[in-house]
Amino acid sequence: MSELHFYNSYTRQKEKFEPITPGYAGLYVCGPTVSGESHLGHARPYVTFDVVQRYLRHLGYKVRYVRNITDAGHFEEEGREAIDKVGEKAKVEKMEPMELVQKYTNLFHHAFRLFNCEDPAIEPTATGHIVEQINMIETIIEKGYAYVVNGSVYFDVKKYADNYPYGKLSGRVLDDQLETTRELDGQEEKRNKADFALWKNAPPQHIMRWKSPWGEGFPGWHIECSAMSSKYLGETFDIHGGGMDLQFPHHESEIAQSTIAHGHAPVNYWMHNNMITINGKKMGKSYNNVIKLSELFSGNHPLLTQAYHPMVVRFYILQTHYRSTLDFSNEALQASERAFRRLWEAYMLLDKLPAGGTEASDKTLDAQVITWCNECEEFMSDDFNTAKVLANLFEMAPVINGIKGGQVAATALSATTIALMKATFKTFLEDILGMQALQAEQSSSKLNNVLSLLIEIRNDSKKRKDFATSDQIRNKLAEAGVLLKDEKDGTVSYTIE
RNA sequence: GGUCGGAUGGCCGAGUGGCUAGGCACAGCUCUGCAAAAGCUGCUACAGCGGUUCGAAUCCGCUUUCGACCUCCA
């Protein structure tokens with residue numbers, strides 16, 4: 001098992017990964033709030049942590065990947081009306097809350113299967129863990145770090161900060177929080193502005209409500225992740241991931257709650273992915289600049305000139321390091337599509353390559369290829385640098401194409417090096433980065449027979465120098481989505497779009 | 001206002017002291033009946049100004065500028 005290093009947001013430095021239990025890794029990632037359709041911004045964390053999870057397994061860890069579904073809804077604006085986000089939307093659409101939640105959960109699952117993201121081992125829902133959340137809140141009250149007001153329970157941040165390093169994760173000073181000039185209604189229940197709700201009393205119009213020791217209500221925003229992560233991964237677990245925008249207050253609150261409830265910090269390594277921006281601004285609901293995944297896949301959006309395959313989007317995300325912002329544009333996505341097609345075709349050619357020499361006739365190239373292959377693991381083990389892995393794979397594309405095209409001698413590389421190259425592409429491009437072909441290999445034998453006939457006819461007309469006919473066949477087939485390619489050796493290959 | 005993080009070639013994007021990724025686009029060439037694809041070649045950038053150093057995109061300071069968080073947010 002090679003050494004893995006990655007950036008821990010909590011300590012703000014790269015650290016060597018040392019799991020609590022050797023050979024096992026626990027990973028918790030904040031999942032979606034299923035009150036609406038997923039957009040491009042959501043794709044980033046789930047693709048990022050899918051790769052993290054895949055790489056941990058590649059290194060030999062047994063991984064338990066837990067990602068929650070937030071289906072209980074949160075306050076639209078804390079304190080003011082305590083509107084349950086899910087409940088509110090449900091009324092508008094005249095659906096049962098559960099129906100709405102189910103709809104968007106299904107859409108979410110569908111989209112991320114298209115992205116080839118593996119399903120988490122456990123996908124707990126907030127509504128399914130009300131009991132655990134209530135238990136945890138009770139413990140926090142018993143320990144004196146939460147207080148009950150009018151059926152709601154608040155966490156006493158000030159008291160916590162007196163005894164624990166509150167704000168360390170997000171780099172915040174409590175005094176600044178207390179002095180914030182922002183005036184929110186309904187703050188009078190709290191002892192301090194920085195306090196956050198563990199449980200909220202439900203107003204009469206609130207659809208989603210549960211009985212609790214403090215009356216009917218619903219859980220606060222942060223408690224679900226603490227309750228569910230500790231239930232499935234333990235009171236202290238290895239890695240907690242999520243978007244950078246969740247660092248404060250969500251993750252900071254998780255740390256505070258869990259530290260009181262369990263007596264120690266909940267997480268050893270915090271990982272945060274950066275945002276996707278659009279024209280330099282974060283893509284987010286509140287900015288009204290989101291591109292939904294369905295719009296991306298259909299091309300049905302003013303900013304898009306075409307539809308984009310989920311794999312192109314995945315590739316686009318992985319071309320950038322996860323801690324950098326990633327600026328969206330139609331142009332950038334087009335570039336990714338072309339790039340990915342070229343890389344994938346080179347990969348597909350690998351299998352058809354001659355075996356290589358018993359000894360490499362081009363020692364320099366042979367050594368270079370071996371280096372490129374071996375570096376892939378180094379790059380991944382250095383803070384999951386998918387961008388550098390892809391760069392190395394691209395370095396090998398001209399070598400592969402060159403062998404096929406005859407510009408590089410078939411024996412330039414040794415048989416072992418060719419095999420290493422095959423293994424590297426399989427392992428890193430497919431297994432770890434999780435890339436797949438753009439189109440399923442669904443060609444039927446009937447279609448193949450028809451195409452063979454057309455190719456035969458076209459070859460005959462070419463022999464007669466009847467290029468009008470041969471070009472017509474090629475052009476019409478192209479219109480129908482079948483691209484013919486005249487290979488150097490005189491054969492004709494085709495791809496079906 | 002407070003805290004934090006950026007500014008890299010036409011575009012996207014790696015990169016933390018020297019060997020100056022990668023992709024897309026563009027130009028020329030090779031191959032080709034013509035295309036497409038592929039290959040080769042070219043394009044050498046690090047916001048500005050100082051400083052440290054033999055040497056800085058990379059370290060330090062200042063300036064300009066963009067953004068994130070502080071409120072639901074991936």
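Residue numbering restarts at 1 for every chain, and letters A, B, ... go by the order of the sequence lines.
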Exercise for review: Let me know the distance between CG of A:L169 and C1' of B:C4, rounded to the nearest Å.
Suggested key: 12 Å
Exercise for review: Scan residues 319-332 of chain A for pairs that pass salt bridge (charged side-chain N to carboxylate O under 4.0 Å, His left out), counting only residues two or more places apart or in two chains.
Suggested key: A:R323-A:D383
Study note, to complete from the structure: Between CG of A:D245 and P of B:G67 the distance, given in whole Å, is 17 Å
Review point. What pairs with A:H251 under ring pair (Phe, Tyr, Trp, His ring centres under 6.0 Å), at least two apart in sequence or on another chain?
Key: A:H240, A:W270, A:H272
Using the 3.5 Å cut-off, write out each protein N or O paired with an N or O of nucleotides 37-40 of chain B and the distance between them.
residue: B:A37; atom: O2'; partner: A:K485; partner atom: NZ; Å: 3.3
residue: B:A38; atom: O3'; partner: A:N401; partner atom: ND2; Å: 3.0
residue: B:G39; atom: OP1; partner: A:N401; partner atom: ND2; Å: 3.1
residue: B:G39; atom: O4'; partner: A:Q407; partner atom: NE2; Å: 3.1

Practice item. Between B:C11 and B:G1, how far apart are the P atoms? Round to whole Å, please. Key: 31 Å
Exercise for review: Taking Watson-Crick and G-U wobble pairs with both distances under 3.5 Å, convert RNA chain B into its dot-bracket string, 5' to 3', dots for unpaired and | for cross-strand pairs.
Suggested key: (((((((..(((.....[...))).(((((.......)))))....(((((..]....))))))))))))....
Review point. Would you say A:F394 stacks on B:G23, if stacking means ring centres under 5.5 Å apart and planes within less than 30 degrees?
Key: no
Review point. What residue pairs, at least two apart or across chains, pass ring pair (Phe, Tyr, Trp, His ring centres under 6.0 Å) with a residue in residues 306-337 of chain A?
Key: A:F315-A:F340
Point to revise | Check: A:N392 side chain, B:G22 base, donor-acceptor under 3.5 Å | key: no
Study note, to complete from the structure: The contact string for nucleotides 5-18 of chain B, one letter per nucleotide 5' to 3', using protein heavy atoms under 4.0 Å with B, S and - for base, sugar-phosphate only and none, comes out as ------S-SSS---
Practice item. Just call it for A:M244: base, sugar-phosphate, or nothing, with non-hydrogen atoms closer than 4.0 Å on any strand. Key: nothing
Exercise for review: Measure the distance from CG on A:L333 to C1' on B:G23 and round it to the nearest whole Å.
Suggested key: 13 Å
Review point. Which whole number of Å gives the distance between the C1' atom of B:U52 and that of B:G39?
Key: 47 Å
Check your understanding: How do A:P32 and A:S336 order along RNA chain B: which one's closest nucleotide is nearer the 5' end?
Key -> A:S336
